[in-house]
Amino acid sequence: MNVRIAAVSVVSAALVAVGATSAVAAPAAPPTLTLKANHTTVKPGDVVTFTGRTAGLKEGSKVTLQVKSGRTWKSLPVTAKVGHSAYKLTDKFQKKGVEVLRVKDGATVSKPVSVTVR
């Protein structure tokens, strides 16, 4: 009987060890957004196309273009839906100067890009 209990204990310990390692899944990576502008220097009124890729965002999620104003970010009325892990949006800039922009979906934001309007 003791041999049987010992064998069951060894098999149980092995199953627990295998189950414990397979049950611990790697934590999901946080969602990411990238952002590129097709032009970084434009004239007032020129159209700039912004494109980017996503990872970890749901298809159909809405990304919003934001501009830096002082120390805060202001959302522009420019949005796009994510499809096939990518998005594309356009905007015009009238005011001369450097605009710092990013895209946002919830708490996920891209690295900023700069567009100079001359």
Side-chain angles (χ1 to χ4, degrees):
M1 194 84 156
N2 288 339
V3 173
R4 183 181 291 173
I5 292 173
V8 169
S9 297
V10 169
V11 170
S12 296
L15 289 174
V16 168
V18 169
T21 58
S22 63
V24 177
T32 60
L33 280 167
T34 64
L35 177 64
K36 291 182 184 179
N38 68 332
H39 299 293
T40 55
T41 303
V42 296
K43 294 178 184 174
D46 285 351
V47 174
V48 178
T49 301
F50 297 95
T51 57
R53 307 278 309 155
T54 67
L57 294 180
K58 292 181 182 179
E59 293 291 309
S61 294
K62 185 170 68 171
V63 295
T64 303
L65 187 64
Q66 294 186 316
V67 64
K68 193 165 191 179
S69 178
R71 298 178 82 187
T72 62
W73 292 93
K74 307 277 183 184
S75 291
L76 299 173
V78 180
T79 61
K81 286 192 177 183
V82 173
H84 303 289
S85 299
Y87 66 90
K88 177 180 176 179
L89 43 85
T90 60
D91 200 11
K92 291 182 184 181
F93 299 95
Q94 302 295 339
K95 184 180 162 189
K96 290 185 177 184
V98 176
E99 300 285 358
V100 179
L101 304 132
R102 71 179 187 184
V103 289
K104 179 179 181 177
D105 175 58
T108 306
V109 296
S110 69
K111 290 183 180 178
V113 298
S114 296
V115 175
T116 302
V117 183
R118 293 186 179 179

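Heads up: numbering here begins at 1 and tracks the sequence.
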| remark: Tracing side-chain contacts under 4.5 Å among Ile, Leu, Val, Met, Phe, Trp and Tyr outward from V109 reaches none
| remark: Sequence neighbours excluded, the answer for side-chain hydrogen bond (donor to acceptor under 3.5 Å, both in side chains) partners of S75 is Q66
| query | Which pair of heavy atoms, one from A86 and one from T54, lies closest together, and at what distance? | reply | N-OG1, 4.1 Å
| note | Interatomic distance, NZ@K68 vs NZ@K74, rounded to 0.5 Å, equals 13.0 Å
| query | Taking only residues two or more places apart in sequence, or in another chain, which ones meet S114 in a side-chain contact (heavy atoms from CB on, under 4.5 Å)? | reply | V98, V100
| For F93, which fellow cluster members are found when Ile, Leu, Val, Met, Phe, Trp and Tyr are connected by side-chain heavy-atom distances below 4.5 angstrom, either directly or through intermediates? | L33, L35, V42, V48, F50, L57, V63, L65, V67, L76, V78, V82, Y87, L89, L101, V103, V113, V115, V117
| Who passes side-chain hydrogen bond (donor to acceptor under 3.5 Å, both in side chains) against E99, sequence neighbours left out? | none
| remark: Residues at least two apart in sequence or cross-chain that pass side-chain contact (heavy atoms from CB on, under 4.5 Å) with K88, listed by chain then number, are T49, T51
| query | Are P44 and K96 close enough that some pair of their side-chain heavy atoms sits under 4.5 Å apart? | reply | yes
| OG1 of T90 to CG of D46: how many Å apart, nearest 0.5 Å? | 12.5 Å
| said: Could you measure the distance from the NZ atom of K81 to the NZ atom of K58? Nearest 0.5 Å is fine. | reply: 13.5 Å
| Reported NZ-to-OG1 distance for the pair K104 and T64, which is rounded to 0.5 angstrom | 8.5 Å
